[in-house]
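The sequence lines fix the lettering, A, B, ..., with proteins before strands; numbering per chain opens at 1. Side chains included, hydrogens not; waters and symmetry mates left out as well; all remaining heavy atoms used.
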Amino acid sequence: MLGKVGDFEKVARCGSMATKKLRRAGLSQELCDRLSRHQITTCRDFLCLSLLELMKVTGQSYWNVQKLLCKVSLACAPKMQTAYEMKTKRAINPSSAYLSTTLDGLDKALHGGVACASLTEVTGPSGCGKTQFCLMMSVLATLPISMGGLDGAVIYIDTESAFGAERLVEIAEHRFPNYFGTEEKLFSMTRSIHLYRELTCDSVLKRIETLEEEIISKKVKLLIIDSIASVVRKEFDTKLQGNLMERSNFLAREASLLKYLAEEFSIPVILTNQITTRLSNGLDIQADLVSPADDMSLSEVSGASGSKDREPGYVTAALGNTWSHSVNTRLILQYHDLHTRQVLVAKSPVAPFSAFFYTIENSGLVLQDGKDHPDASWEGSSPVLQAIRVRTNILKDGFPSSTAETLKLTQPI
Amino acid sequence: MQRDVGSFPLAPGLRAKLIGAGFQTAQELLEIGPCELSKEIGISKEEALETLQIVRRECHSNATKTAGEPEAVGKCTALELLEQEQAQGFIITFCSALDDILGGGVQLTKITEICGAPGVGKTQLCMQLAVDVQIPECFGGLAGEAVFIDTEGSFMVDRVVDIATACVQHCQLIAETHQEEDFQKSLETFSLDSILSHIYYFRCHDYTEVLAQVYLLPDFLSEHSKVRLVIVDGIAFPFRHDFEDLSLRTRLLNGLAQQLISIANAHKLAVVLTNQMTTRIGQSQSMLVPALGESWGHAATIRLIFHWDNKQRLATLYKSPSQKESTIPFHITPHGFRDVHPPPPSQTPAEVEINPRKRPRIEGDKQQ
């Protein structure tokens, strides 16, 4: 099992003023030496002590300690901005506010597109289009600002080996045939997409920590992690005692690092998640969809055709409640019928619940708006519990009907 | 005068020397001069002077507070408190059902905690309150300013613009129906830009920055004396990872809570905190409970829990010293935080008298 929480402590914290050494906070050398004898070297150590403890270790009076506290706090407190200043900054530079997805309905709902400086999660059953969405966004980010892009590089962390360079080029050529008419443009686009393959939780975390420098040197404007869920679910089994807490800790740590990167550089961060089956008593079964047989068993559990007497479970986003707090926006991709899928805006600080139909074509995702598929004014509910439609009996003809094999998978573990 | 020397807030080394030299009570120190003291216990004259000043200050003043806090937190009778409470304003939420169960709105000098599942509307309410606290007095508001401490990065300026615009329009409608001078005048200063300029935003990335910011808050509030609302959105996020030592976490959280309570009282403002929900695994089922543990439950005076019932958002008043526990539904609209159904046409005259600052709600005002 993964190491203790303490292991994460050892790795360098990026971006926080907390580890600022007291010397640079303006304390005298003498005082710093005295404090370091008590193992107090950073602002964080200083601020975690009570007033009495501080008086003891510094040897100063109550009033002086108050003054020292002010000094150290000033060294690590954040800078103040008014909301007005923030609005003006966005107005001056809209490309620092969002990255358009070129899916008009979705952009409009999200007030422009995938928001910069925030975490956007895309979740859904396998094969629904999450990786396709990520590939599409990668192409879009490299486009010049005049075409709605961010004119920058992309960092793509791939944990499932799902990234396909040929598909990337196909999307680019079909979506923007005029722009990518020359080989030159295609090469320059592919050169700006940096792919990292990471296969364990630890390596993903370490990779994220090194990203600060990469983002600066490579002029990165979009960060994609596809997917967060797969490594976490391989290594943490939440049925074992203590693992739920460790997993939450790990995810919260990851989220906080990613948020720091997103805000510091004002770039969008796109994460993909998987799905899980939630039983009616609130417990989750891990659902790592690998084969279509899994699809079928899940759809049975989720009560696709309601012939059940017992209360079935239902499929929803994985990684639990705490993770749902950490992401700012949640987009759910789900199946609608044989060819059409739906994208739901399930959690957003600026958008109401909305639903759009799309299909996957050569050029990536394409929204369907027309009479057959009116945009749903969809009544959503809690983003944590929102039920997701999986691929139902589409492949039934090619597979034997529910055998003992598939039934076994529906038993609570 | 008979106060023991060891109880003064002096440096520990100094205290030890004083006690070693035989000083026992404050009276003895008040009789001696700095030069004599310095010779007797072997410290510099400056240190001796400082020591004597500290002792004198402690002995002579009743309100021994640091500079920046306006008045002594002393004693008063219940009658004085009653008068204060009745004259006190509330911060309305624009959802009359929620205002009702809170007894008028978010109370000043108290800590209100909002717990809820992800995506249910905690940050939306915080943004709404940051706008509502600025409503001019003639419309029933507090004409105050707001401090927004953000630890999760969920503050969206675009959304605040939407909410503020809707609020200004709402007040404009009222001004039109009333046609009084002071209404028009206040509207001139109550505009979108002015609302945005009076929301002071701090983005804290971890708990150290939160601690630092709260230490610096009293100084900030002295410079910005019109602040009537401090929001920390959310208090849980930075404290839920990075802690192996849970007792340290409890201590830090309690310290924070105490500082916030004293700030709320000293500066007569409301403190609003948002908390997350966490999964507690029971015997055969799991349930959602507010995060940060049982001991944190004591920190807030008033606790609201937001949750879902299928597709409806609900707010439950979970803990309050003066109001009954109850649950109401609410909506998040493009204009902000609102009721599910428009409120009843008019309030009884008696209610209006009790709190003259409450603006009577007029039929047809509420936008849904």
Side-chain angles (χ1 to χ4, degrees), chain A residues 5-6 9 15-18 43-44 47-48 50 55-56 59-63 66 69-70 72-74 76-78 80-84 86-87 90 111 117-118 244 248-249 252-253 256 259-260 263 281-283 320-322 324-325 328 330 346-347 349-350 352 379-385, chain B residues 9-14 50 54 66 117-120 123-124 148 152-154 156-161 193 196-206 208-209 211-213 215-216 219 237-238 240-242 244 248 251-252 255 276-279 281 284-288 308 310-311 332 334:
Chain A
V5 175
E9 298 279 349
S16 167
M17 290 281 107
C43 292
R44 166 171 292 187
L47 290 174
C48 281
S50 70
M55 282 170 67
K56 201 165 62 160
Q60 305 261 355
S61 71
Y62 182 77
W63 307 113
Q66 297 275 32
L69 266 174
C70 263
V72 174
S73 300
L74 274 169
C76 49
M80 195 262 296
Q81 297 177 67
T82 63
Y84 183 70
M86 291 165 75
K87 173 173 162 239
R90 277 169 79 92
H111 281 223
S118 87
L244 184 58
S248 300
N249 266 347
R253 183 116 191 73
S256 129
K259 280 191 190 188
Y260 165 72
E263 286 168 26
N281 63 9
L283 294 173
N321 184 58
T322 305
S324 309
H325 276 296
N328 301 107
R330 171 171 277 173
K347 177 184 179 189
V350 292
E379 272 188 5
S381 83
S382 169
V384 187
L385 304 174
Chain B
L10 302 166
L14 214 56
E50 204 187 315
I54 292 178
T66 52
V120 74
T123 307
Q124 299 293 313
F148 199 108
E152 297 179 343
S154 33
M156 293 266 142
V157 185
D158 287 345
R159 186 66 180 137
V160 179
V161 166
D193 288 345
L196 292 179
S197 335
H198 292 134
I199 300 180
Y200 304 112
Y201 178 79
F202 298 88
R203 174 73 169 99
C204 293
H205 289 103
D206 63 14
T208 314
E209 292 185 17
L211 290 173
Q213 188 53 48
Y215 273 125
L216 294 176
D219 287 335
F237 184 65
R240 291 190 72 196
H241 57 105
D242 269 2
E244 312 126 353
L248 174 65
R251 183 153 69 70
L252 291 178
Q276 293 177 349
M277 300 296 266
T278 185
T279 317
I281 312 279
S284 59
Q285 60 177 26
S286 62
M287 29 178 251
L288 284 182
W308 292 91
N310 215 17
K311 295 194 177 7
I332 312 275

**Request:** Sort B:Ile54 into side chain, backbone, both or neither according to what part of it lies under 4.5 angstrom from a heavy atom of chain A.
**Result:** side chain

**Fill in**
Rounded to the nearest 0.5 Å, the CZ atom of B:Arg240 sits from the OG1 atom of B:Thr278 at a distance of 4.0 Å

**Prompt:** Between atom OG1 of B:Thr208 and atom CD of B:Gln213, what is the distance when rounded to the nearest 0.5 Å?
**Reply:** 13.0 Å

**Prompt:** Checking heavy atoms, do the side chain of A:Gln60, its backbone, both or neither come under 4.5 Å from chain B?
**Reply:** backbone

**Prompt:** Checking B:Phe237 against chain A: side chain, backbone, both or neither under 4.5 Å from a heavy atom?
**Reply:** side chain

**Prompt:** With only heavy atoms counted, which part of A:Leu47 is less than 4.5 Å from chain B, the side chain, the backbone, both or neither?
**Reply:** both

**Request:** Return the option, out of A:Cys70, A:Ser118, A:Ser61, with the maximum number of heavy-atom pairs under 4.5 Å with chain B.
**Result:** A:Ser61

**Request:** Write down the atom of A:Gly59, the atom of B:Ala11, and the distance for their closest heavy-atom approach.
**Result:** O-CB, 3.1 Å

**Message:** Please tell me whether B:Thr123 and B:Arg159 have a donor and an acceptor in their side chains that are separated by less than 3.5 angstrom.
**Reply:** no

**Message:** Among B:Val120, B:Val160, B:Val157, B:Leu248, which residue has the highest count of heavy-atom pairs closer than 4.5 Å to chain A?
**Reply:** B:Val157

**Prompt:** Pick from B:Gly119, B:Pro118, B:Pro12: which one has the most heavy-atom pairs with chain A under 4.5 Å?
**Reply:** B:Pro118

**Message:** Can you tell me if B:Phe202 has over 12 outside heavy atoms packed within less than 6.0 Å of its CZ?
**Reply:** yes

**Message:** At a 4.5 Å cut-off on heavy atoms, which part of A:Ser248 comes close to chain B: side chain, backbone, both, or neither?
**Reply:** neither

**Message:** As a quick check of understanding, evaluate side chain to side chain contact (heavy atoms under 4.5 Å, CB included) for B:Glu209 and B:Arg203, giving each step before the final call.
**Reply:** CA-CA 9 Å; B:Glu209 292 185 17; B:Arg203 174 73 169 99; over 6 Å; no

**Asked** When heavy-atom pairs shorter than 4.5 Å are enumerated against chain B, which of A:Met80, A:Lys347, A:Met55 gives the highest number?
**Response** A:Met80

**Asked** Do A:Arg90 and B:Asp158 sit within salt-bridge range, that is, some charged N less than 4.0 Å from a carboxylate O?
**Response** yes

**Request:** Name the option with the most non-hydrogen atom pairs under 4.5 Å to chain B; the candidates are A:Leu69, A:Val72, A:Asn321, A:Leu74.
**Result:** A:Asn321

**Item:** Contact origin within B:Leu252 toward chain A - heavy atom pairs under 4.5 Å
**Value:** side chain

**Asked** Pick from B:Gly13, B:Gly153, B:Pro334, B:Gly255: which one has the most heavy-atom pairs with chain A under 4.5 Å?
**Response** B:Gly153

**Prompt:** Under a 4.5 Å heavy-atom cut-off, does chain A meet the side chain of B:Asp193, its backbone, both or neither?
**Reply:** both

**Prompt:** Between A:Pro349 and chain B, which part of the residue has a heavy atom less than 4.5 Å away: side chain, backbone, both or neither?
**Reply:** both

**Request:** Assess the side chains of B:Gln276 and B:Glu152: does a donor N or O sit below 3.5 Å from an acceptor N or O?
**Result:** yes

**Message:** Let me confirm one number: the NZ-OG distance from A:Lys259 to B:Ser154, rounded to the nearest 0.5 Å.
**Reply:** 6.0 Å

